[in-house]
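Report on one structure; see the data block that follows.
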Protein chains: 2
Amino acid sequence: MQSFNGVKGETQVHDISPIRAKSGTNQEGTSAHNRRVMIEALRLNGALSRADLARATQLTKQAVSNIVEDLERDGLVVALDAVRKGRGQPFTPYRLVPEGAFAIGLQIDRHLTRVVVVDLVGNVVARAEASLPFDQPSEGVEIILGLVARVRHELAGISAQSERRLVGLGVAMPGPFGLKNPDNKWMMPAWQQFPLLETLAAGTGLNVGLQNDAAACATAERIVGAAHGIDHAVCLYVGYGIAAGLILNGELYSGGNGNAGEIGMALLSPAGPGSTPLEHRASLASLYQHLGLNPADANLYEKLAALAVAADPKVMGWIEDAASDLRWSVHLIETIFDPQTVILTSGAPEPLARRLLQAMHPLLPSIADRPGRRLPRLQLGTTDPWAIAVGAAAEPISRAFDPRFSAILKAG
Amino acid sequence: MQSFNGVKGETQVHDISPIRAKSGTNQEGTSAHNRRVMIEALRLNGALSRADLARATQLTKQAVSNIVEDLERDGLVVALDAVRKGRGQPFTPYRLVPEGAFAIGLQIDRHLTRVVVVDLVGNVVARAEASLPFDQPSEGVEIILGLVARVRHELAGISAQSERRLVGLGVAMPGPFGLKNPDNKWMMPAWQQFPLLETLAAGTGLNVGLQNDAAACATAERIVGAAHGIDHAVCLYVGYGIAAGLILNGELYSGGNGNAGEIGMALLSPAGPGSTPLEHRASLASLYQHLGLNPADANLYEKLAALAVAADPKVMGWIEDAASDLRWSVHLIETIFDPQTVILTSGAPEPLARRLLQAMHPLLPSIADRPGRRLPRLQLGTTDPWAIAVGAAAEPISRAFDPRFSAILKAG
DNA sequence: TAATTAAGTCAAGCGAATTGACTTAATGGT
DNA sequence: ACCATTAAGTCAATTCGCTTGACTTAATTA
């Protein structure tokens, strides 16, 4: 018997280091998973009868009946009118109750913060924004807590229960996080050093989670956008910086340290003077610089929209250059991830985003160019500037209600 | 109430399209998962007592006891001598029984095929190889079935039970799979068109699965190599072609169509004449061409080893060029995936691989260059030419015994 | 020698899905 | 108009696998 490498399966009796193992599970995990599966099925299919749910999830009618009854008692689903269709007893479809759960989403951007409240199905039920001091997080947090209190108050008006149904607060801000040299203008260094999550958790009493802005965009696309029900999608987000949100196997992928998809810092060639980070070329920051605009300008959005509609030559020039890099980025993403589709999202006004999308065509050949494709290789996602805040809010909802491996396991 | 995009959560009562949903689960799923967790814990930690297992998996002592008893009866684990350590009753460590399961791994390469039998802990217990006609799969399959029969016969000599304990046959061959134009010399077009898996399944009576060679390499690294117990690792495989095997969240990631990681076809710049596929520059095929060697040469391996040891100038020149591209590839991989480590593996002789690894240093700066790192950014994996076959065999073992989401769910 | 610590077993309990028979309420064929 | 058929959904008993809490065993330490 021989091993192909030096690393044999030698038996070491007892290690000093902590034991590495995944958690086990029990009936609670089973039940939690099945509840989540029901919710996801209703989210993806609109409304389903118990019999439909049983067929779709491979559970017995009886199990489904019990779970649906539970969910109904918890106010997460509601029965619609019975439907007669063909032979047999009429069926009673169930659908999700939007007011069954809420989450708060917080986007922290360079000069601006947005807060939204999103319900179980992804509708925005309250929103608020304010400008933010770029380098004064302690002041900024006060502003944020004020906005959160405001939307919470608004939420309280919706129903008496709604406060009880808040599942968490999701934060989205530019990454990457936790690096050595945070004196990088893309990363909002002052905010990264500040104990943001702890302060927000203490100030709101909610569970707080963090993602980068591209991840939030992908999360938003998955809950209410182009990635709805798609298990392998990459969301290319062109904002002030540029990054990719990765939906792999139906879940957001964050990497070993939460920085997966931060392609803004990717160098564009192996070496030498042409070796520029992607962020310096294909990002709105580069566009602002190209146009000599001040990123803090309050009318920036409208100005850009007007220039894009008018096909301003300087804008078109930037588009052409950026499109070249982005076209190649899509090629690389397709080659590396083999996704079902790539979604282009942007903080830019829609006319600009559309022109950018057009300029990226024709796409470079890649393995994505395969026979029998159904989804487009590249499609436009949302260009709503609130999308990141929505995605931030979608994360706690997804954590609470979507089927996922970790939800089955004990503890953690 | 408003939604940030056109895509509202409108309730459609009953769709014609099939209902999309994940499977539910039940106690069988629970139990299957817990068994797998035990096996993984023993694989990662060598030998553990029931009490250790209970602590590590968060299950109760009693549950662990029952499962261990089951596993012991099934011949998958065995008790070692009791150990006295500190106060309390001595504990009885358990370890995996290598002969508890076997799988056959098959590598199909351009001019060669290798077959191995691997046991539960990753030891190679039988091996065989033969040369293969590049473009005659129907003949080739006969040769392969002959080799498989041979190793199975050898396996039968190990124990009476061993044939019953064969969990499957894993195939590894160059990808990508299922593209439009399979008249590409890297992809072995004749083999891709041939109904290989069906023929092998019929000819062996075993479950058959397929991966590309880089994925197999990553699977091998995970079971017995540098990625053992690491949940986020990318395995960069430099063989005749080049590709990456992706271990994400502790599982191999294959993408939407099974072609994730096939970076050989990645273009090295956005456009223009410099836009070459990576495969044309950083692969052994390019080295053979650079040296004027015939890839089918039987002594290729020894020749390359000798040239590398002697620091042949032509080889060193290729190494320098390839290292530049690979250094950049590592940079991109780190930026995109944020893995805990990148593993360089190769079908090249070890001296050549070592020189290549050295030439890749210093690495380009990236987000992987973070404070508090424990693992090296880049490390050398196996250079054993049998590694791909081992990885091919490891896949069915992993499928049968490793904890994974899909193993909990009902049905297939 | 007695107290303490820890591994591991025993037996009853419990939660959640399964099973199979049953009820309800439609449609479609004669 | 009637009855067989089809399908949704319920009822009650069962089963399966983890949990609970008390108990046993066997070592170390004071």
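Hydrogens, waters and symmetry mates are skipped; everything else that's a heavy atom, side chains included, is used. Reminder, nothing fancy here: chain letters follow the sequence lines and each chain counts from 1.
- Counting to the nearest Å, the P atom of C/dA26 and the CZ atom of A/F91 are 13 Å from each other.
- No donor-acceptor contact under 3.5 angstrom links the side chains of B/S159 and B/R165, judged on distance only.
- Nearer to the 5' terminus of DNA chain C, by closest-nucleotide assignment, is the contact made by A/T30 (compared with the other of A/T30 and A/Q89).
- Distance A/D70 CG to C/dG15 C1': 12 Å, rounded to the nearest Å.
- For the OP1/OP2 pair of C/dA17 and a distance below 4.0 Å, the side-chain nitrogens and oxygens of A/N66 include no atom meeting the criterion.
- Per the geometry, CZ belonging to B/R84 stands 11 Å off C1' belonging to D/dT28, to the nearest Å.
- The side chain of B/N26 lies closest to C/dA17, out of D/dC18, D/dA7, C/dA17.
- No side-chain heavy atom of A/L76 sits under 4.5 Å from any side-chain heavy atom of A/V97.
- Computed from coordinates, the A/K410 NZ to D/dT20 P distance equals 7 Å when rounded to whole Å.
- Remark: the B/Q27 side chain and the A/T30 side chain contain no N/O donor-acceptor pair separated by less than 3.5 Å.
- Here B/N34 reaches the OP1 or OP2 of D/dC18: one of its side-chain N or O atoms lies under 4.0 Å away.
- For B/R55, the side-chain atoms get nearest to C/dA7 when compared with the rest of C/dT9, C/dA7, D/dT19.
- Contact between the side-chain N/O atoms of A/R87 and the OP1/OP2 oxygens of C/dG29 is not found at any separation under 4.0 Å.
- The phosphate of D/dC18 (OP1 or OP2) has no side-chain N or O of B/T60 nearer than 4.0 angstrom.
- Protein atom CZ of A/R35 is 16 Å distant from nucleotide atom C1' of C/dA17, rounded to whole Å.
- Residue A/T92 places at least one side-chain N or O under 4.0 Å from the OP1 or OP2 atom of D/dG9.
- Of the two residues contacting DNA chain D, namely A/G88 and A/T25, the nearest-nucleotide position lying further toward the 5' end is that of A/G88.
- The base of C/dC10 lies close enough to the side chain of B/Q62 for a donor and an acceptor atom to sit less than 3.5 Å apart.
- One can find a donor-acceptor pair under 3.5 Å joining the base of C/dG15 and the side-chain atoms of A/Q27.
- Remark: P of C/dA6 and CG of B/L48 are 18 Å apart, rounded to the nearest angstrom.
- Here A/S65 reaches the OP1 or OP2 of D/dT10: one of its side-chain N or O atoms lies under 4.0 Å away.
- Inspection of the B/Q211 and B/T219 side chains reveals an N or O donor paired with an N or O acceptor under 3.5 Å.
- OP1 and OP2 of C/dC10 both lie 4.0 Å or more from every side-chain N or O belonging to B/K61.
- We find that CD1 of A/I67 is positioned 13 Å from P of D/dT10, with the value rounded to whole Å.
- Atom CG in A/D70 sits 11.0 Å away from atom OG in A/S65 (nearest 0.5 Å).
- Each of A/G86 and A/A63 has a nearest nucleotide on DNA chain C; the 5'-most of these lies closest to A/A63.
- Using a 30° and 60° split on the angle between ring planes, B/H232 and A/Y253 fall in the tilted class, from 30° to 60°.
- Listed nucleotides: C/dA25, D/dG9, D/dG17. Nearest to the side chain of A/P90: C/dA25.
- The interatomic distance linking B/E28 (CD) with C/dA17 (P) rounds to 13 Å, in whole Å.
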